Enquirer: 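Okay, handing you the structure first.
Heavy-atom basis, side chains included; hydrogens, waters and symmetry copies ignored. What you are looking at is a predicted structure, and each value in this text was computed from that prediction instead of being measured. Per chain, numbering begins at 1; letters A, B, ... match sequence-line order.
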Amino acid sequence: MTKAERRELQERQRAAKAAAKAEGGDAKAKGGGKKDGGAAAGGAGGTRKEPAARKETQAAAAAAATARKDAGGGVAVGAGRVSGVHAVAEARGLRIFSHFALQRPVAAAAAKGDVHPAIVRLGLMFASFRICGANARCIATLGAFKEVIQDYSTPPGTTLARHLTTHLSAQISHLVSARPMAVTMGNAIRQLKLDISGSDIDLPEQDAKDALCQKIDDYVRDRIIIADQVIQETAAKKIQNGDVVLTYARSSVVEKVLLQAWEDGTQFSVVIVDSRPMLEGKRLLSILSRAGIPCTYLLLPALGSVIAEASIVFVGAHSIHSNGAVYARAGTALVAMLAKRHSVPVVVCCETYKFSDNVQLDSFTKNELAPLQAFGAQALQGGPSLEVLNPLYDLTPPASITAVVTEVGVIPPDSISSIPLALGRTVF
Amino acid sequence: MSSADLPAIPSQRVVEALAAKLRRRQVVGSRDAALETVFVLRQVIAKARFQNIHQLVVLIKNVGRTLAQAQPKEHSVGNIVRRLLHLVREEYNNAIKSNAPTRPRSLTIANFVLQGQPRKASLVTKAESSLVLNENDPDDPDSFAKTLKPVLMEAIQDTLDELDTVYESIGRNAKDHIHSDEIILTLGKSKTVEMFLKQAAHYHKFTVIVAETGPSYGGHEMAQSLSSIGISTFLVPDSSIYALMSRVNKVILGAHAILANGGMFAVSGSLMAATAARAHSTPIVVCAGQFKLTPLWNLYHEYGALDFADPSSVLGFDEGDLVDKVDVLNPYYDYVQPDLVDAYVTNDGDHPPPSIYRLIKESYDDEDNEL
């Protein structure tokens with residue numbers, strides 16, 4: 001409520017009070033104070049039911065007046081609300097999904113201000129889903145930032161430590177306009193900004209830039225590449241001979257885990273579950289079958305028929321929240337839920353830099369819609385009342401996850417919040 | 001009984017034609033299969049020659065067995081045959097009873113057990129008792145058939161009418177199940193659910209989320225049909241069922257067959273949606289005609305109990321040599337356990353899963369469970 005609105009409301013209430021007092025005066029002055037309360041309540045509900053309340057006052061005897069007016073006011077408020085609901089009902093279908101990030105036309109996202117060409121290119125690739133997946137997007141972003149940093153020169157009268165962050169902010173907002181930022185990117189950028197602000201003022205500019213690029217390389221190496229290798233080795237040990245491993249869509253980490261286990265000589269087969277809109281599992285299917293792993297491919301609705309055959313479920317994650325909930329490709333929650341119901345262990349492969357500090361309770365409040373044109377969705381003729389929604393993510397509650405494999409070990413999802421502490425609270 | 005004693009199945013050609021169609025899946029969908037079966041049985045009975053009730057029952061059973069074996073997963077074929085057998089016996093018993101003096105049955109604990117399952121059918125006494133049945137009449141072998149046939153035709157017509165109006169009768173109470181401003185989730189294409197929602201839309205404004213249900217993507221057609229009459233419709237991929245479930249007020253599904261234990265076979269994806277709904281404590285309502293009640297107990301989700309469809313819609317030959325290397329699964333149906341379903345809405349009222357077995361006992365005779 002703005003100041004002006006609040007003032008208007010007060011004014012209205014005052015007017016209502018005055019009117020009530022004037023009429024209450026020629027009826028009886030007995031329950032004045034209480035009556036005021038009733039009138040004020042009426043006023044707060046809106047101006048349109050004042051006449052009704054006034055009529056009540058005139059008709060009622062003084063003793064009964066207050067009580068009845070209160071009731072009348074209540075009814076009037078209720079009625080006002082009901083009519084409001086009807087007015088909104090038309091737009092309801094839209095309103096409930098309105099918070100999802102809307103799909104912007106890719107070409108129209110023109111670079112505003114000082115945006116580096118590498119970032120523009122990256123933005124287009126993000127928007128068209130050419131680069132997709134939390135790790136790939138993070139690595140690509142950091143790579144582009146290295147270019148940005150190398151091409152950057154500090155304007156006179158400021159220092160690199162102070163100005164480079166604002167320069168980067170413009171690049172970041174361009175990337176966000178192309179596609180909402182991944183949690184991984186956010187964590188990496190936070191670390192980068194910390195490094196920038198901590199860089200030595202006395203260092204020559206080129207040396208400072210080189211140092212920053214080195215730090216970016218280190219971050220990618222330590223938090224993503226090496227982390228993946230550790231996860232790969234740890235998780236591959238969880239696959240036994242004769243296992244049927246079930247996985248959903250395509251996660252780069254899970255793919256590496258499966259290939260590693262196969263290379264280690266474990267004999268197992270893989271069930272790949274897939275779903276529209278992305279159908280990413282086809283890619284994984286071709287990679288795994290090329291490696292010689294026996295594969296079964298099915299769409300998500302068929303999962304109920306095969307889940308009992310699986311001995312372990314491996315899924316990747318987009319991010320993992322401090323309550324242990326895993327935010328991942330839409331459909332992961334369904335797979336995990338069914339697996340849990342059939343007592344099949346669900347293992348999430350996730351690097352620690354994907355941890356997010358906040359708690360998320362459901363995937364409705366924060367999600368992203370897949371652009372229809374990116375997946376060749378055919379146009380449906382259904383008139384104005386038909387809409388197509390393609391949420392990209394869902395949230396798997398910690399209850400349906402058995403363990404999370406990270407580079408620091410295999411932990412239950414409830415203990416996720418202790419990981420930053422164990423790592424000495426470095427920024428993720 | 002020697003085979004010479006059995007009359008040959010008349011209209012053998014019609015029966016074989018339908019069996020072939022069922023086998024080739026040219027007749028799909030439980031209602032269509034049920035309708036076709038009734039048509040065939042009507043023809044068979046019209047042309048049949050029989051002298052006693054036993055011959056008639058054996059005849060119908062033979063036809064039923066041929067059809068049911070042609071497509072064992074199309075349960076409604078067997079169901080409708082059982083239903084007709086039940087009607088035949090009912091008519092016969094009515095006629096017999098009117099001739100024989102009815103002995104008064106007092107209900108004591110002793111004969112409660114002896115009488116066995118109390119039936120709805122036995123409680124209903126029909127008015128027409130003018131039928132005089134001469135079984136095995138040596139002078140006029142056709143007299144039994146002649147007197148019984150008109151009554152049977154009437155019963156068959158009743159069954160057909162019931163099948164014709166099944167959607168309307170199921171949707172009769174739709175407005176009581178769906179309220180204004182609710183968000184309903186449904187799966188794929190089910191004619192029953194479609195009519196149910198459309199009938200509710202006359203009274204309330206609500207939103208329907210339709211999961212497209214691959215690989216047939218029947219949800220596309222469903223969403224178009226619902227939105228064409230102005231229902232606010234959202235088409236979503238199957239993967240987002242869990243993500244959206246927290247805002248869904250009710251899940252309404254169709255069924256392929258309802259089993260005696262209260263579970264059901266339904267389009268694949270139903271198990272997933274029902275489990276997700278259960279995880280969010282969202283009620284699950286199943287709309288189905290009474291002809292889908294199947295006297296079958298399926299306590300396990302057996303791999304062998306599934307029926308598999310063409311895998312090319314999941315992974316087609318356009319994927320190149322990949323197709324040769326991998327297994328592709330495309331089951332038609334899911335088995336949904338009774339504890340996942342909250343209510344069955346049928347043309348015979350609403351029922352909780354635990355009372356399904358009783359409905360089945362009332363609708364069919366025990367001796368017909370095995371055709």
Enquirer: With a 4.5 angstrom heavy-atom cut-off, is it the side chain or the backbone of Ala279(B) that approaches chain A, or both, or neither?
Expert: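 The answer is the side chain of Ala279(B).
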Enquirer: Check Ala243(B) against Ser363(A) and note the closest heavy-atom contact, atom names and distance.
Expert: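 Result for this residue pair: CA-OG, 3.2 Å.
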Enquirer: Output, in order, the C-alpha distance, side-chain angles, deciding distance and verdict of side chain to side chain contact (heavy atoms under 4.5 Å, CB included) for Phe364(A) and Leu244(B).
Expert: CA-CA 6 Å; Phe364(A) 209 85; Leu244(B) 299 177; 3.4 Å; yes
Enquirer: Tyr217(B) versus chain A, heavy atoms under 4.5 Å apart: side chain, backbone, both or neither?
Expert: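 Interface part for Tyr217(B): side chain.
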Enquirer: Output the option from Gly269(B), Pro237(B), Ala273(B) having the highest count of non-hydrogen pairs under 4.5 Å with chain A.
Expert: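 The answer is Pro237(B).
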Enquirer: Which region of Leu338(A), side chain (C-beta onward) or backbone (N, CA, C, O), has a non-hydrogen atom less than 4.5 Å from a non-hydrogen atom of chain B, or is it both or neither?
Expert: side chain
Enquirer: What are the two closest non-hydrogen atoms of Asp394(A) and Ser239(B), and how far apart are they?
Expert: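 The pair with the smallest heavy-atom distance is OD2-O, 3.8 Å.
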Enquirer: Please flag which part of Ile209(B) lies under 4.5 Å from any non-hydrogen atom of chain A: side chain, backbone, both or neither.
Expert: side chain
Enquirer: Leu235(B) vs Glu387(A), test: side chain to side chain contact (heavy atoms under 4.5 Å, CB included). Steps then yes/no.
Expert: CA-CA 6 Å; Leu235(B) 182 67; Glu387(A) 266 188 72; over 6 Å; no
Enquirer: Can you check whether Ser385(A)'s main-chain N or O pairs, donor with acceptor, with Ser232(B)'s side chain at less than 3.5 Å?
Expert: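 No; zero donor-acceptor contacts below 3.5 Å.
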Enquirer: By a 4.5 Å heavy-atom criterion (distance strictly below it), what part of Asn330(B) contacts chain A: side chain, backbone, both, or neither?
Expert: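 The answer is neither part of Asn330(B).
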Enquirer: Can you name the residues of residues 280-287 of chain A that have some heavy atom under 4.5 Å away from a heavy atom in chain B?
Expert: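 Lys282(A), Leu285(A), Ser286(A) fall under the 4.5 Å cut-off.
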Enquirer: Sort Ser275(A) into side chain, backbone, both or neither according to what part of it lies under 4.5 angstrom from a heavy atom of chain B.
Expert: side chain
Enquirer: If I measure from the heavy atoms of chain B, does Tyr393(A) come under 4.5 Å with its side chain, its backbone, both, or neither?
Expert: backbone
Enquirer: Tell me the residues of residues 321-335 of chain A whose non-hydrogen atoms fall below 4.5 Å from those of chain B, in number order.
Expert: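 Listed by number, the contacting residues are Ala330(A), Gly331(A), Ala333(A), Leu334(A).
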Enquirer: Side chain to side chain contact (heavy atoms under 4.5 Å, CB included), that's the test. Do Val326(B) and Thr296(A) meet it? Break it down for me.
Expert: CA-CA 6 Å; Val326(B) 299; Thr296(A) 305; over 6 Å; no
Enquirer: Starting at OG of Ser268(B), measure out to CG of Leu300(A) and round the result to the nearest 0.5 Å.
Expert: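 It is 10.0 Å, given to the nearest 0.5 Å.
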Enquirer: Is the shortest heavy-atom distance from the side chain of Val306(A) to the side chain of Leu329(B) under 4.5 Å?
Expert: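 The answer is yes; the side chains approach within 4.5 Å.
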Enquirer: Heavy-atom distance under 4.5 Å between the side chains of Asp327(B) and Tyr297(A), does that happen here?
Expert: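 No, every pair of side-chain atoms sits at 4.5 Å or beyond.
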Enquirer: Could you give the distance from CD (Glu212(B)) to CG (Leu299(A)), rounded to the nearest 0.5 Å?
Expert: 9.5 Å
Enquirer: Thr275(B) versus chain A, heavy atoms under 4.5 Å apart: side chain, backbone, both or neither?
Expert: both
Enquirer: Could you tell me if the side chain of Met245(B) sits less than 4.5 Å from the side chain of Asp362(A), heavy atoms only?
Expert: no
Enquirer: Let me see the working for Asp334(B) and Ser305(A) under side chain to side chain contact (heavy atoms under 4.5 Å, CB included), right down to the final yes or no.
Expert: CA-CA 7 Å; Asp334(B) 261 349; Ser305(A) 320; 3.6 Å; yes
Enquirer: For Met337(A) and Met272(B), work out which heavy atoms get closest and say how close.
Expert: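 So the minimum-distance heavy-atom pair works out to CE-O, 3.7 Å.
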